Number of protein chains: 2
Amino acid sequence: MGRVYNFSAGPAVLPEEVLRQAAAEMLDYDGTGMSVMEMSHRSKPFAGIIETAEADLRELLQIPENYQVLFLQGGATQQFAAIPMNLMRNKVADYIVSGSWSKKAFKEAKLYGDARCVASSEDENFSYVPDVDAIEFSPDADYVYICQNETIYGTRYPKLPDTGDVPLVTDVSSMFLSEPMDVSKFGIVYGGVQKNIGPAGVTIVIVRDDLVREDVLPFTPSIMRYTTQVKAKSLSNTPPAYGIYVCGLVFKWLKEQGGLTAMKAKNEEKAAILYDYLDQSALFKATARKSDRSIMNVPFVTGSDELDALFVAEAKSHNIESIKGHRSVGGMRASIYNAMPKAGVEALVAYMAEFEKAHA
Amino acid sequence: MGRVYNFSAGPAVLPEEVLRQAAAEMLDYDGTGMSVMEMSHRSKPFAGIIETAEADLRELLQIPENYQVLFLQGGATQQFAAIPMNLMRNKVADYIVSGSWSKKAFKEAKLYGDARCVASSEDENFSYVPDVDAIEFSPDADYVYICQNETIYGTRYPKLPDTGDVPLVTDVSSMFLSEPMDVSKFGIVYGGVQKNIGPAGVTIVIVRDDLVREDVLPFTPSIMRYTTQVKAKSLSNTPPAYGIYVCGLVFKWLKEQGGLTAMKAKNEEKAAILYDYLDQSALFKATARKSDRSIMNVPFVTGSDELDALFVAEAKSHNIESIKGHRSVGGMRASIYNAMPKAGVEALVAYMAEFEKAHA
């Protein structure tokens, strides 16, 4: 069969051009006679791959000089532990809990010190982002933590908290490279790549120099220490080399698309097609508060479990895949990452309209 | 250009048939209209991939029922921390230090308790394996740790230590699936896959049920707890899905080759071609003690740094790649894993003979 429109929340759709190039180079990368999977991570060709990937990422995100870029393993979940292990000197950290991922990060941080939930939107099933202006942060906090786009609930921070001199740490997994961002506002910007950038198994951590310190919690595993990884340029042990290569291909693709300003425009256009339909629909309803809506993950419901199930079941015949919502919200969820073409969103909306007409 | 003979120690050569299949399925896995890279790890197609991979691995290694199979991230290096974190109840562990990798594991374990070096071969640059019968193990040790095949020095345990009731933990990264092994002799068998099985970024941990316990060291990150991963069947967070898929293709390939008994015969035949040449050569000399030689990694030297450098430099024109030795040993190293064809070893020996003749 042909390619489907894949609305999976992650791992998720990748640009078809990138997949075609990866397939074409599988047995012989750039005349080396080897697959990237087979190359020593200390070899010149691989050095070229990872250095180019970092340079392209720096260009795309306009990463300031005083930030290090690391390509790590373990997913965002591993960073849930690594962040407190590396940053908790006062053993205090403030967490804003706006969904499942920040809640998990908060819970993990409690293993390492006094992690404080300074605001939560759990009272309304995480359908909104807490008002950051109403939060009193701990003056002795080592950092303030947020998950800037909650994949499951489809919310995104409309405004960042002002944390003064306390470093702000942001998990951007499900919005990574979907739009420009000012890295200098953060102590750490990080995310798993498997939503918007590449194959699962690579975590990108962008960390400000002053947070790369030797005085980590004493039991921090060597490879989870930012010092280790910064010194070794992510090669303290064998990195997830093939995944980094695919990320690099996606960075090139993003540059060809016009960079992050162009991506933002495309993503907003795609999201508007879907939200505009939802806002006028008599059947379907978006679940996130309008002011806090994500342009990457769009959960919606009909209000009837039976109709939701029917919509999901019949999606396949419309070439639409992985549209089922997460059990925490129910209904449907359309993840419309960078690599989802506008035609995919249009196909979804056309199916929704057809479904609504049939079940009016 | 065509494919080269790639003697890299890892990441390393993969079966050409496997790479061809991965390339062919890159845009559409098994009629799903998606790449394996794009699939939700909770989807049915991916469940099929990981479950089949586990079943095939269990069949290949004849893994007993009371062992769990985990597909994790972070490499062997991450397990250097995870093993003491999960197993150190008495906070005592015995390490046999027979090379760089067991030495690194030993050093990391000291972060977590009283790790004791009970035997070492560092006195002769790790060119042999300590006599396991001469070791006095600590009666209160939580486990005894070995690296069964030291990649850099080209040694392999000719005999396993008898540790009685104390669990034996073995790092088999550079000999994984190169021959049958009796898993029941071990508490944990583990290794990174990037040498003999698949692309970097997947670590396979085979752990006996009684070592999967809740009472780990309290600061153990959730995803490094074996309990977490066993309960979630390696899916507690997004796994390195594409890497697991390629490992699964290699498992199928190994079964087609006749399984591990057949692989052992092929590997011994390849190793014998190289060692027989080395043992009669007036120029080249294998560096590991004969009784402890690895059949996977074969370091050798000429005795002259200039000739070593010349041999490495001219190898490329003989279609031979990544033959340079590790700086700890110098000279050359041929890693002749499962996927290295006999023709590759023959080509290497032919080049060695030609070189020896020219520089006699």
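Residue numbering restarts at 1 for every chain, and letters A, B, ... go by the order of the sequence lines. Below, all heavy atoms of this structure are taken into account, side chains as well, without hydrogens, waters or symmetry copies. Because the structure is predicted, anything quoted here is derived from the model rather than measured.
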Legend entry - Part of B:A81 within contact of chain A (heavy atom distance under 4.5 Å): side chain

Legend entry - Atom pair CG/CZ of B:N237 and A:F80 - distance to nearest 0.5 Å: 8.5 Å

Legend entry - From CD (A:Q194) to OG (B:S40), nearest 0.5 Å: 10.5 Å

Legend entry - Greatest number of heavy atom pairs closer than 4.5 Å to chain A - which of B:V36, B:L72, B:L111, B:V202: B:L111

Legend entry - Which of B:S35, B:A12, B:P239 touches chain A most, by non-hydrogen pairs under 4.5 Å: B:A12

Legend entry - Engaged part of A:V246 at the chain B interface, taking heavy atoms whose separation is under 4.5 Å: side chain

Legend entry - Partner chain A: residue of B:S322, B:S8, B:G74 with the largest heavy-atom pair count (under 4.5 Å): B:G74

Inset, instruction - Ignoring hydrogens and angles, tell me if any N or O in the side chain of B:R3 forms a donor-acceptor pair with the backbone of A:D28 under 3.5 Å. - result: no

Legend entry - Considering all heavy atoms, the nearest B:M26-A:A23 contact: CB-CB, 3.7 Å

Legend entry - Heavy-atom side-chain proximity of B:T77 to A:S236 below 4.5 angstrom: no

Legend entry - Heavy-atom contacts under 4.5 Å, residues 218-226 of chain A to chain B: A:P218, A:F219, A:T220, A:P221, A:S222, A:I223, A:M224, A:R225

Inset, instruction - Please tell me if the side chains of A:M37 and B:Y242 come closer than 4.5 Å, counting only heavy atoms from C-beta onward. - result: yes

Legend entry - Between B:G243, B:A76, B:P240, the one whose heavy-atom pairs under 4.5 Å with chain A are most numerous: B:P240

Inset, instruction - Among the options A:L27, A:L14, A:V13, A:N6, pick out the one with the most heavy-atom pairs lying under 4.5 Å from chain B. - result: A:L27

Legend entry - Heavy-atom closest contact (A:P11 atom, B:H41 atom, distance): CD-ND1, 3.4 Å

Inset, instruction - Enter the distance from A:L19:CG to B:E25:CD here, rounded to the nearest 0.5 Å. - result: 13.0 Å

Inset, instruction - Name the member of B:M34, B:R20, B:E38, B:R42 that forms the most heavy-atom pairs with chain A at distances under 4.5 Å. - result: B:E38

